[in-house]
Amino acid sequence: MEAVPGRARVYIACVVLGALLCLLPRPTTAYPPWWAVVLPAVLYAGGEWFARRRFPGSFHPVLLAAAFLLPPCAAALVVLPGALVAPVEQRPAGLRRIWRTAQLVLAVWAAARTHTALDGGTAVGTPDFPYALVPAAAAVLAFCLVLTVLDGGILALAEHVPVRSAWRGLFPRTLAPLAVHGLAGLMMAVLWRSPYGPPAALLVLLPMCVSWWAFAQYHRERGAHQATIRALVQAVDIKDRYTRGHSERVGQASMMIARELGMDDERVEVLRFAGILHDVGKLGVPTRLLRKDGPLTPEERRVIELHPEYGHEMVRGISFLGEARAAVLHHHERLDGSGYPYGLAGGQIPESARVVAVADAFDAMTSTRSYRRGRPVAAALEELERCAGAQFDPVMVAALGRAVVRCGWHPVVTADGAPSRPRGPADRSDPSVAGRTGAHR
């Protein structure tokens, strides 16, 4: 959302307008005392500020407790201080903060409205178990549904995610943590209305803090994984200066193809890793071969062609990479069986490897390097289509074409400052060989 398209800004403006309408008081509404709104608002603001500095999470139990305790417009007010002061890492920070605030105001208002309609306030105050669970569950579903609808819309309009896949999987992924937060919120609401009052309600947050701490450990571990990947890629870039930046762009193109094919977010991330790491085996190839000026001998080419197997050996013990390991090993296989290292053909080639092969060839053709100029994007896509069916999977080629037409592609000049060298046979050949040179040169 860094460069926000105009249509996404209009969408955000509509959501903000809807949120403002939700905050307007209703003449028929009986309002709670001011402290009943300020106290959860302050608690949410403090928790949100702390949580977002420790890990990417949210303090939703307090919002849901407010939805169970307060009228809809008052519950929506609880969102404002916390959402407006919460840190935002990505730009444009102001627009992201406004978007998040409006999104949560709408979600909390919908949850409170649903809870009130089912007479949840009486059930919480009595307390009437297990009936109190029914309006609470409905409110959580409404909260989750609003977030899902709005998130899918912004993904389609601002992130260029295909409409048919923008909402795919969002609801269950959002519902799972919110169901836990909803139970915590209901416990807070019941204790709040109990003779022990608000201080007892705060005790509910202690086990939630423990679970957030465990969640933070998971994110630290994930951050360590990504740091490891970055270190490997930087080592490859230093070793093979002619293709500097190539790995990151192949990861980006692989991600575009995966999204176009409607894969879920987790698999898209794995394929991004696959694209980034596809050439990691170059670390096992002698540097003099990677930097050699002039054509390679057949023996030297055979040594370079060992890099997929070297790469697979390096990453096969990293469990979180999943099918990315197969892509590292097989990204130079061809559909007609003439590729390497094992000469797999057609469906024998893992899908992840077919994605990375197309992304690899596309970036190799469109990147300007010190020894040759990159081809225009349209020309590179035409060459991929010409080789589809023989070297590349036509489905992957078509997906990349659609993604590039919709999102664009901005090739980057690589190997800045690297000495020029004469064009080798690989550079003069057809794109099928150009695809291989994405790894070789």
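Each residue takes its place number in the sequence, starting with 1. Hydrogens, waters and symmetry mates play no part in the numbers below; they use all other heavy atoms, side chains included.
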Checklist entry - Does the side chain of Ser247 come within less than 4.5 Å of Val250's, by heavy atoms? => result no
Checklist entry - Hey, is the main chain of Leu321 close enough, under 3.5 Å, to the side chain of Arg325 for a donor-acceptor pair? => result no
Checklist entry - Going through the checks in order, is the salt bridge (Lys or Arg N to Asp or Glu O under 4.0 Å) test met by Glu351 and Arg354? => result CA-CA 5 Å; Glu351 186 180 37; Arg354 284 178 270 145; 5.5 Å; no
Next on the checklist: Looking at Leu344, is its backbone amide N or carbonyl O close enough to the side chain of Glu333 to form a donor-acceptor pair, meaning the two atoms are under 3.5 Å apart?
Outcome noted: yes
Next on the checklist: So that I can tick it off, tell me whether Glu299 and Arg302 are bridged by a salt bridge, with the cut-off set at under 4.0 angstrom between side-chain N and carboxylate O.
Outcome noted: yes
Checklist entry - Does a side-chain heavy-atom distance below 4.5 Å link Trp409 with Gln252? => result yes
Next on the checklist: Any donor-acceptor pair under 3.5 Å linking the side-chain atoms of Glu309 with those of His312?
Outcome noted: no
Item to check | Under 3.5 Å donor-acceptor, Glu300 side chain and Thr297 backbone | outcome: yes
Next on the checklist: Ignoring hydrogens, what is the shortest heavy-atom contact between Phe68 and Leu186? Give both atom names and the distance.
Outcome noted: CE1-N, 3.5 Å
Checklist entry - What are the two closest heavy atoms between Ser254 and Gly275, and how far apart are they? => result OG-CA, 3.8 Å
Checklist entry - With the threshold set at 4.0 Å, does a side-chain nitrogen-carboxylate oxygen contact exist between Asp279 and Lys282? => result yes
Checklist entry - Are any side-chain N or O atoms of Arg375 and backbone N or O atoms of Met365, one a donor and one an acceptor, separated by less than 3.5 Å? => result no
Next on the checklist: Strictly below 4.0 Å, N to O, side chains only: are Asp264 and Arg173 in salt-bridge contact?
Outcome noted: no
Next on the checklist: In the structure I gave you, are the side-chain heavy atoms of Leu104 and Phe143 within less than 4.5 Å of one another anywhere?
Outcome noted: yes
Next on the checklist: For the CG atom of Leu170 and the CG atom of Leu145, what is their distance to the nearest 0.5 Å?
Outcome noted: 11.5 Å
Checklist entry - Under 3.5 Å, is there a donor-acceptor pair between the side chain of His115 and the main chain of Ala111? => result no
Checklist entry - Is the count of non-hydrogen atoms from other residues, nucleotides or ligands lying under 6.0 Å from Met187 atom CE greater than 12? => result no
Checklist entry - What about Tyr11 and Trp99, are their ring centers closer than 6.0 Å? => result yes
Item to check | Validation row: Glu248, Val233 side chains within 4.5 angstrom (heavy atoms) | outcome: yes
Checklist entry - Heavy-atom distance under 4.5 Å between the side chains of Leu43 and Leu202, does that happen here? => result yes
Next on the checklist: So, using salt bridge (charged side-chain N to carboxylate O under 4.0 Å, His left out) as the criterion, who are the partners of Glu313 when residues are at least two apart?
Outcome noted: Arg316
Checklist entry - Between His246 and His278, what is the ring plane arrangement, given parallel below 30°, perpendicular above 60°, and tilted in between? => result perpendicular
Next on the checklist: I'd like to check Thr114 versus Trp109 (side-chain heavy atoms, cut-off strictly below 4.5 Å). Are they in contact?
Outcome noted: no
Checklist entry - Considering all heavy atoms of both residues, which atom of Thr366 and which atom of Val377 are nearest to each other, and what is their separation? => result CG2-CA, 4.1 Å
Checklist entry - Tell me, do Ser352 and Leu271 make a side-chain contact under 4.5 Å, heavy atoms counted? => result yes
Checklist entry - Is the closest side-chain heavy-atom distance between Gln226 and Arg230 below 4.5 Å? => result yes
Item to check | Considering all heavy atoms, the nearest Asp336-Ala345 contact | outcome: C-CB, 4.3 Å
Item to check | Parallel, tilted or perpendicular, as decided by the 30° and 60° cut-offs, for the rings of His307 and His332 | outcome: perpendicular
Item to check | Derivation and outcome, salt bridge (Lys or Arg N to Asp or Glu O under 4.0 Å), residues Arg406 and Glu260 | outcome: CA-CA 10 Å; Arg406 189 176 58 258; Glu260 190 64 31; 2.6 Å; yes
Checklist outcome for this item: Closest non-hydrogen atoms of Leu23 and Cys73, given as atom of the first, atom of the second and distance, are O-CB, 4.1 Å
